*Asks:* 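Shown below is the structure under consideration.
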Amino acid sequence: MKKLVLLLIAFMLVLAACGKTEEKSTKNTEDKASEESYTVTHAMGETTIKGEPKRIVVLTNEGVEALLAMGVTPVGAVEAFTGDTWYAHTAEQLKDTKSVGTESEPSLEAIAALKPDLIIGNKMRQEKVYDQLNKIAPTVFAETLRGDWQENFKLYSKAINKEEVGQEKLDAYNKHVEDLKAKLGDQTQQKVSMVRFMAGDVRIYHKDTFSGVILEQLGFARPAEQDINDFAEKGLTKERIPAMDGDIMFYFTYETGDKEASKLEEEWINDPLFQNLEVAKAKKVFKVDDTIWNTAGGYLAAELMLDDLETYFK
C-alpha cells in the first residue's frame with residue numbers, strides 16, 4: 001500500500017512539473033512575440049515597430065476609420081471636420097478616444113501625454129512635425145489624401161501588424177462593390193455629375209476623389225468635362241454651370257455652422273442657368289451627405305456611400 005501511495009505522489013509531482021514547464025514555455029512564446037519587431041516602409045522612409053502596438057494615435061480621419069474597421073480603437077485621434085468632436089457614424093466607437101487636435105494642427109503635447117507606442121499620420125497634412133512626432137513614438141505616414149483610400153488602408157494594416165485582417169476587410173468591401181455593380185446593371189451607363197458647395201467656393205469633383213473612385217469602381221460613366229483623372233475644378237463662376245450637367249447629379253455641401261455654404265448652395269441651385277440643366281429639368285439632382293460622400297474619406301464612409309447609391313438607384 002505504501003508503495004502505491006508513493007507512486008501516486010511521484011506521478012503527481014511529475015504532472016505538476018510538466019504543467020510548470022508548459023506554462024513557462026507558453027509565457028516565453030508570448031514574451032518572444034511581444035518583443036518581435038517589424039519594419040514598415042512609408043512616405044517618410046522606414047520605421048521599425050516592436051511587438052503589436054496597443055496605444056495608437058491617428059492623425060487623419062480616414063486613418064481613424066481604417067483602424068475602427070479592423071477592430072482597433074485608437075487612444076487618441078484628430079477631431080472630425082464637422083460634428084461634435086467625431087463624425088456621427090464613428091462617435092460611439094470613439095467614445096473613449098481622446099482628442100489630439102485637428103489634422104492641420106495636431107497637439108504634440110496631447111499626443112505625448114497619451115504615451116503612444118505608434119503614431120499614424122499623413123505627409124500631406126503633417127510633414128513639418130514628422131521628426132517631432134517620431135521622437136514621441138514610432139511614426140508611420142501615408143503619402144497623400146486623395147481618392148484611393150484603399151492604398152492608405154493597406155499601409156495602416158501593415159503599421160498595426162494586422163495585414164491579414166486588413167485584407168479580409170478590403171475583400172469584404174470589394175465584394176460589396178461587385179454585388180452592387182451587378183444589381184445596378186445598365187444603370188451604370190448614366191453619366192454621374194458631382195458638385196460640392198463650400199463657403200465662398202463651388203467645385204466640380206473629378207475622378208481622383210473619394211466619391212469619384214467609388215463611382216469608377218462601380219463602372220459609372222462621367223460627363224466629358226468631369227471624366228478627368230485629377231481632383232476637382234475649384235473656384236467656379238456661374239458661367240461654368242453647364243459643365244455640371246449629366247444624367248444624374250449628386251451634390252454635397254460642406255457646412256461649418258455659419259450657413260454660408262448653405263446660402264451659396266441655395267443661390268446656385270435656384271439660378272436660371274442651373275434650372276436649365278437637363279439633369280435639373282429631369283429632376284435628377286440629389287443632395288447627399290458631405291461627410292459620407294467626401295469629407296470622412298475612409299472605409300466606414302465608403303460602405304455607407306455604397307448603401308446610399310443602392311437606395312438612389314433602386
Side-chain angles (χ1 to χ4, degrees), residues 58-65 77-91 94 99 101-106 122 124-126 144-149 152 192-215 222-223 225-226 228 230-238 240-241 243-244 246 248-271 274 277 279-280 285-309 311-312:
V58 189
L59 305 182
T60 62
N61 284 281
E62 50 92 41
V64 170
E65 292 205 10
V78 289
E79 296 180 9
F81 288 102
T82 57
D84 185 12
T85 309
W86 316 121
Y87 292 127
H89 67 284
T90 59
L94 295 173
S99 164
T102 63
E103 285 193 12
S104 57
E105 293 184 3
N122 191 283
M124 184 177 174
R125 288 282 193 263
Q126 300 111 13
T144 189
L145 287 166
R146 278 289 185 260
D148 196 359
W149 57 269
N152 286 359
V192 179
S193 177
M194 300 292 299
V195 175
R196 191 187 196 201
F197 296 100
M198 306 170 70
D201 190 14
V202 179
R203 301 176 176 182
I204 292 175
Y205 271 42
H206 297 157
K207 293 166 72 174
D208 189 17
T209 55
F210 178 71
S211 50
V213 167
I214 293 174
L215 290 172
R222 300 294 300 276
E225 295 199 57
Q226 300 180 28
I228 304 169
D230 68 8
F231 181 61
E233 182 181 351
K234 305 177 183 180
L236 269 63
T237 60
K238 288 184 178 177
R240 289 295 292 155
I241 285 178
M244 296 178 175
I248 186 168
M249 178 194 291
F250 295 108
Y251 75 88
F252 30 88
T253 301
Y254 179 65
E255 184 57 73
T256 57
D258 58 9
K259 302 297 182 185
E260 291 302 313
S262 298
K263 289 175 186 174
L264 194 64
E265 170 204 327
E266 185 177 358
E267 177 191 333
W268 279 58
I269 294 294
N270 291 307
D271 190 277
F274 190 96
L277 293 173
V279 70
V285 177
F286 301 103
K287 182 176 183 178
V288 292
D289 190 325
D290 182 88
T291 294
I292 300 305
W293 283 61
N294 186 73
T295 311
Y299 185 101
L300 304 179
E303 288 280 10
L304 291 170
M305 181 178 162
L306 291 179
D307 292 341
D308 279 354
L309 284 165
T311 299
Y312 283 108

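These numbers come from a predicted model, not from an experiment. One-based numbering along the sequence shown.
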*Asks:* Restricting to non-hydrogen atoms, name the atom on Ser193 and the atom on Gln226 that form the minimum distance, rounded to 0.1 Å.
*Replies:*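 Looks like OG-NE2, 2.7 Å.
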*Asks:* Once the angle between the rings of Trp293 and Phe252 is folded into 0 to 90°, is it parallel (under 30°), tilted (30 to 60°) or perpendicular (over 60°)?
*Replies:* tilted
*Asks:* Distance check, rounded to the nearest 0.5 Å: Asn152 atom CG versus Asn122 atom CG?
*Replies:*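 Reported value, rounded in 0.5 Å steps: 6.5 Å.
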*Asks:* Can you establish whether the number of heavy atoms outside Asp84 located under 6.0 Å from its atom CG is more than 12?
*Replies:* no
*Asks:* Please enumerate all residues that pass ring-ring contact (aromatic ring centres under 6.0 Å, His included) together with Phe231, with sequence neighbours excluded.
*Replies:* Tyr205
*Asks:* Which atom pair, heavy atoms only, marks the closest approach of Gly246 to Pro223?
*Replies:* CA-CG, 4.2 Å
*Asks:* Would you please name every residue forming a side chain to side chain donor-acceptor pair (under 3.5 Å) with Asp290, sequence neighbours left out?
*Replies:* Arg196, Thr295
*Asks:* With sequence neighbours excluded, what pairs up with Glu265 under the side chain to side chain donor-acceptor pair (under 3.5 Å) test?
*Replies:* Tyr251, Thr253, Lys287
*Asks:* Can you name the side chain to side chain donor-acceptor pair (under 3.5 Å) partners of Glu255, sequence neighbours left out?
*Replies:*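 Side chain to side chain donor-acceptor pair (under 3.5 Å) check on Glu255 returns Ser262.
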*Asks:* About how many Å separate CZ of Phe286 and CD1 of Ile248, when rounded to the nearest 0.5 Å?
*Replies:* 5.0 Å
*Asks:* Taking only residues two or more places apart in sequence, or in another chain, which ones meet Glu103 in a salt bridge (charged side-chain N to carboxylate O under 4.0 Å, His left out)?
*Replies:*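 Result, salt bridge (charged side-chain N to carboxylate O under 4.0 Å, His left out) vs Glu103: Arg125.
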*Asks:* If you round to the nearest 0.5 Å, how far is CG of Asn294 from CZ of Phe250?
*Replies:* 14.5 Å
*Asks:* My understanding is that only residues two or more places apart in sequence, or in another chain, count here; which of them pass salt bridge (charged side-chain N to carboxylate O under 4.0 Å, His left out) with Asp201?
*Replies:* Arg203
*Asks:* Checking Arg222 now: which residues fulfil salt bridge (charged side-chain N to carboxylate O under 4.0 Å, His left out) with it, not counting sequence neighbours?
*Replies:* none
*Asks:* Measure the shortest side-chain to side-chain distance between Leu215 and Leu309 over non-hydrogen atoms and say whether it is less than 4.5 angstrom.
*Replies:*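 The answer is yes; the side chains approach within 4.5 Å.
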*Asks:* When rounded to the nearest 0.5 angstrom, what distance separates CG in Asn61 from CG in Leu145?
*Replies:*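 Going from the CG atom of Asn61 to the CG atom of Leu145 covers 9.5 Å.
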*Asks:* If the condition is side-chain contact (heavy atoms from CB on, under 4.5 Å), which residues does Leu236 pass it with, not counting sequence neighbours?
*Replies:*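 Leu236 satisfies side-chain contact (heavy atoms from CB on, under 4.5 Å) with Val202, Ile204, Glu233, Arg240, Met244, Trp268 only.
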*Asks:* Of all residues at least two apart in sequence or in a different chain, which pass the side-chain contact (heavy atoms from CB on, under 4.5 Å) check with Glu266?
*Replies:*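 If we apply the side-chain contact (heavy atoms from CB on, under 4.5 Å) test to Glu266, skipping adjacent residues, the hits are Asn270.
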*Asks:* Is there a donor-acceptor contact under 3.5 Å from the side chain of Glu62 to the main chain of Ala301?
*Replies:* no
*Asks:* Could you grab the distance from atom CZ of Phe274 to atom NZ of Lys238, nearest 0.5 Å is fine?
*Replies:*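 Here the rounded value is 11.5 Å.
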*Asks:* Considering residues at least two apart in sequence or located in another chain, which fulfil the side chain to side chain donor-acceptor pair (under 3.5 Å) criterion with Glu105?
*Replies:* none
*Asks:* Rounded to the nearest 0.5 Å, what's the gap from CG on Leu94 to OG1 on Thr85? Could you check?
*Replies:* 10.0 Å
*Asks:* Quick one: salt bridge (charged side-chain N to carboxylate O under 4.0 Å, His left out) partners of Lys263, sequence neighbours excluded?
*Replies:* Glu260
*Asks:* Looking at Glu65 and Leu300, would you say the former's side chain and the latter's main chain have a donor-acceptor pair under 3.5 Å?
*Replies:* yes
*Asks:* Which residues pass the ring-ring contact (aromatic ring centres under 6.0 Å, His included) test with His89, sequence neighbours left out?
*Replies:*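 His89: ring-ring contact (aromatic ring centres under 6.0 Å, His included) contacts with Tyr87.
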*Asks:* Provide the closest heavy-atom pair for Trp149 versus Ala302 in the form atom of the first, atom of the second, distance.
*Replies:*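 Minimum heavy-atom contact is CZ2-CB, 3.6 Å.
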*Asks:* If you define the side chain from C-beta out and look only at heavy atoms, does anything of Tyr254 sit under 4.5 Å from Thr82?
*Replies:*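 A side-chain contact exists here, since the closest heavy-atom pair is under 4.5 Å.
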*Asks:* Using modelled atom types only, decide if a donor and an acceptor are shared between the side chain of Gln126 and the backbone of Leu59 within a distance under 3.5 Å.
*Replies:*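 Confirmed, Gln126 side chain pairs with Leu59 backbone.
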*Asks:* Which heavy atom of Ser99 sits nearest to which heavy atom of Gly101, and what is that distance?
*Replies:* OG-N, 3.4 Å
